[in-house]
Amino acid sequence: YAHEFIAMVGPNGSGKTTIMKSILGILPLIKGSRQIFGKCAYIPQKMVMNRLIPLSVKDFLKLKSNAISVDNIREALKTVELGGIENESVHKLSGGQLQRVQLAFALLGKPDLIFLDEAAEGMDFKAEKSFYHLIKELLKGQESGVLLISHDISAVTEHATRVICIDRKILFDGDPASPNFHSCLLKTYGDESNINGLTHLATANFKRPFCAPSFFGCTACCFFFGPL
C-alpha cells in the first residue's frame, strides 16, 4: 500500500532475496503466481561498476530514460539531499551517497513500490540513520510503498510499519511492536540470538550487552525488556 514501510527479516539463506527477486520477475517462479499493480524500483545491496569507465552522477541518472532532463535530475538529487553533485564522478561517492543516488534513480521513474535489498548495509551509524529517515520522509510525500530486506532489528522496530519474519516460510507478518515478533526472533535464531549487537534471550535472567540507546538508536531491547 502507499506509504507502507514493510521490512522482511530472517537468517541468511531463509529466502528473503529469492522472494524479492521472484516478485520482481528477476527469478522465475517454480509454482504459484505474482501480480503487481503499478511500477516497481529495485535497489540492490551493492552495485558494481567498472571504475575504468568515467561516469558522472548526471550521466548515471540519465540512463533511466532519454526523456530525463537536467532539471529532473537536480530535483531528484535535491529530494535525496544530494543537491549539487550531478557533475561528480559516481566512483568518488561514499557508500551512503551512492545508495542515495540509486534512490534518486528509482524516484525518477515515479515508482509505486520500492524494493530495498539490505540497502543500508555497510553504512556507518550516521549515514544509516539518515538513510532510513529519508525513506520515511519520502513515504510521507509520495504515493509509494517500500519493501526492505534487513538484518538490523533495531532499525526494523524503529522505522517499519509492518514486518515479515521468514525462514523458508512466513513465521510472522504484522506489527514490529508486537511481542509475537520477538517470539518469531527466538524461533528463528534460537534461545540466544545476536543480531547487529542486540542479544535476545528467552530466560528471565536476561542480561543486555553494552547498550547506549541515545547514541546507537537501539530500540529493540528496550522495547522488549523495558528501558535501562
Mind checking whether F5 and Y132 have parallel, tilted or perpendicular rings, split at 30° and 60°?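 The rings of F5 and Y132 sit tilted, inter-plane angle from 30° to 60°.
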
Within the structure provided, determine whether I68 and L63 are in side-chain contact (heavy-atom separation under 4.5 Å).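 They are not in side-chain contact.
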
Report yes if the side chains of P44 and Q102 come closer than 4.5 Å at any heavy-atom pair, otherwise no.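 The answer is yes, as the side chains (C-beta and beyond) meet within the 4.5 Å cut-off.
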
Pairs under 3.5 angstrom only: tabulate donor-acceptor contacts from the side chains of residues 163-172 to other protein residues two or more places apart or in another chain.
residue	atom	partner	partner atom	Å
R168	NH2	G13	O	3.2

Distance in Å, [X] [atom1] paired with [Y] [atom2], rounded so as to fall on 0.5 Å steps:
X: D71; Y: K78; atom1: CG; atom2: NZ; result: 11.5 Å
X: K39; Y: L113; atom1: NZ; atom2: CG; result: 13.0 Å
X: T79; Y: R74; atom1: OG1; atom2: CZ; result: 14.0 Å
X: K62; Y: E86; atom1: NZ; atom2: CD; result: 10.5 Å
X: I85; Y: K92; atom1: CD1; atom2: NZ; result: 12.5 Å
X: D117; Y: L147; atom1: CG; atom2: CG; result: 9.5 Å

On a heavy-atom basis, which atom in [X] and which in [Y] lie closest, and how many Å separate them?
X: A104; Y: L77; value: CB-CD2, 4.3 Å
X: A76; Y: L108; value: CB-CD2, 3.8 Å
X: P176; Y: A160; value: CG-O, 3.4 Å
X: M8; Y: I19; value: CE-CG2, 4.1 Å
X: P11; Y: S14; value: O-OG, 2.7 Å
X: R100; Y: F131; value: NH2-N, 3.9 Å

So V146 and I135, side chain to side chain contact (heavy atoms under 4.5 Å, CB included) or not? Walk me through it. CA-CA 8 Å; V146 165; I135 294 294; 4.0 Å; yes

Counting only heavy atoms not in H133, do more than 12 sit closer than 6.0 Å to its NE2 atom?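 No - once you tally the heavy atoms of other residues, nucleotides and ligands closer than 6.0 Å, there are 12 at most.
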
Just by distance, with hydrogens left out, do N72 and S69 show a side-chain donor and acceptor under 3.5 Å apart?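 Distance-only check passes for N72 and S69.
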
Does D175 pair with R162 as a salt bridge, N-O distance under 4.0 Å?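 No, this pair does not count.
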
Step-by-step side chain to side chain contact (heavy atoms under 4.5 Å, CB included) determination, Q97 to L82: CA-CA 8 Å; Q97 288 177 319; L82 286 179; 4.1 Å; yes

Quick one, I26 with F115, criterion side chain to side chain contact (heavy atoms under 4.5 Å, CB included). Give me CA distance, side-chain angles, the key distance, then yes/no. CA-CA 12 Å; I26 298 173; F115 293 80; over 6 Å; no

Could you walk me through whether L116 and I114 pass the side chain to side chain contact (heavy atoms under 4.5 Å, CB included) check? CA-CA 6 Å; L116 304 171; I114 302 173; 3.9 Å; yes

Could you give me the CA-CA distance, side-chain angles and deciding distance for N87 and S56, then say whether side chain to side chain donor-acceptor pair (under 3.5 Å) is met? CA-CA 5 Å; N87 294 317; S56 68; 5.5 Å; no

